[in-house]
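Below is one structure, written out as structure tokens, with a few remarks after it.
Positions are given from 1 along the sequence.
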Amino acid sequence: MLPKNRKPTLPGEILKYEFLEPLNMTQQQLADALGITRVRVNEIISGKRSITPDTAFRLAKFFKTTPDFWLSLQLNVDMWDTLQQHSRDYEKIESIA
């Protein structure tokens, strides 16, 4: 369920504050462990890049979570952004009788 009064928390914020900081892990250490670039990790954390299925599988394997966890975080953000951009269009659509 999407929040009504604020944008959902970005997956990168969850990654940073709930996973990396408690482990005292750097972005470079995570990137090395996942086999991706530090730039990719940094862009996710800064909200400039989305979580892809590939990234979700890598994060899930490393942190013993599920790919669905990471993808649902991203989906909530994407849905919020889409709703903000197109809400007027959606209001014009009439439901089927």
Side-chain angles (χ1 to χ4, degrees):
M1 176 150 230
L2 294 177
K4 295 185 188 230
N5 301 321
R6 64 168 181 83
K7 185 172 185 166
T9 304
L10 296 172
E13 290 181 50
I14 301 292
L15 178 59
K16 180 179 179 181
Y17 296 114
E18 301 295 327
F19 291 89
L20 293 183
E21 286 187 357
L23 294 170
N24 290 320
M25 179 177 277
T26 67
Q27 292 180 23
Q28 185 64 59
Q29 289 170 324
L30 178 62
D32 292 343
L34 299 182
I36 61 177
T37 66
R38 184 201 52 77
V39 171
R40 183 170 164 184
V41 171
N42 180 265
E43 288 177 344
I44 290 168
I45 289 173
S46 65
K48 295 178 183 175
R49 181 185 285 236
S50 297
I51 297 287
T52 63
D54 176 61
T55 304
F57 278 110
R58 291 171 188 268
L59 291 168
K61 175 77 174 181
F62 185 73
F63 289 117
K64 296 182 181 177
T65 60
T66 65
D68 292 343
F69 170 76
W70 297 102
L71 289 173
S72 68
L73 291 171
Q74 186 62 56
L75 181 60
N76 286 339
V77 171
D78 293 346
M79 289 179 63
W80 170 269
D81 288 343
T82 300
L83 185 57
Q84 301 312 303
Q85 293 172 0
H86 301 286
S87 62
R88 289 184 182 169
D89 294 332
Y90 300 150
E91 289 172 7
K92 296 175 186 175
I93 299 171
E94 292 187 28
S95 299
I96 191 166

Tell me whether [Y] is reachable from [X] by hopping between hydrophobic residues (I, L, V, M, F, W, Y) whose side-chain heavy atoms are closer than 4.5 Å.
X   : Y   : result
I45 : L73 : yes
Y17 : L23 : no
L10 : L20 : no
L83 : V77 : no

Going from [atom1] on [X] to [atom2] on [Y], what distance comes out if it is rounded to the nearest 0.5 angstrom?
X   : Y   : atom1 : atom2 : value
I44 : I14 : CD1   : CD1   : 13.5 Å
H86 : R88 : NE2   : CZ    : 13.0 Å
I36 : L30 : CD1   : CG    : 6.0 Å
D32 : T37 : CG    : OG1   : 10.5 Å
T82 : D89 : OG1   : CG    : 11.5 Å

**Message:** Tell me whether the count of non-hydrogen atoms from other residues, nucleotides or ligands lying under 6.0 Å of CE in M25 goes above 12.
**Reply:**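 Correct, the count exceeds 12.
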**Request:** Could you tell me whether F62 atom CZ has more than 12 heavy atoms of other residues or ligands within 6.0 Å of it?
**Result:** yes
**Asked** Given the rule in the side-chain contact (heavy atoms from CB on, under 4.5 Å) test, do D81 and K7 qualify, once you have shown the distances and angles that lead to the verdict?
**Response** CA-CA 8 Å; D81 288 343; K7 185 172 185 166; 3.0 Å; yes
**Request:** Decide yes or no on side-chain contact (heavy atoms from CB on, under 4.5 Å) for R40 and T55, but give the supporting numbers first.
**Result:** CA-CA 9 Å; R40 183 170 164 184; T55 304; 2.6 Å; yes
**Asked** Would I51 and L59 count as a side-chain contact (heavy atoms from CB on, under 4.5 Å) if you check the C-alpha gap in whole Å, the side-chain angles of each, and the deciding distance to 0.1 Å?
**Response** CA-CA 10 Å; I51 297 287; L59 291 168; 3.9 Å; yes
**Request:** With sequence neighbours excluded, tell me which residues meet ring-ring contact (aromatic ring centres under 6.0 Å, His included) with F19.
**Result:** F63, W70
**Asked** For the residue pair A60 and P67, what are the closest heavy atoms and their distance?
**Response**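 In this case the closest contact between A60 and P67 is CB-N, 3.3 Å.
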**Message:** Donor-acceptor pair, distance only, cut-off 3.5 Å: does the side chain of R58 make one with the backbone of L34?
**Reply:** yes
**Message:** Consider salt bridge (Lys or Arg N to Asp or Glu O under 4.0 Å). Of R38, K48, R49, which one does E43 pass it with?
**Reply:** R49
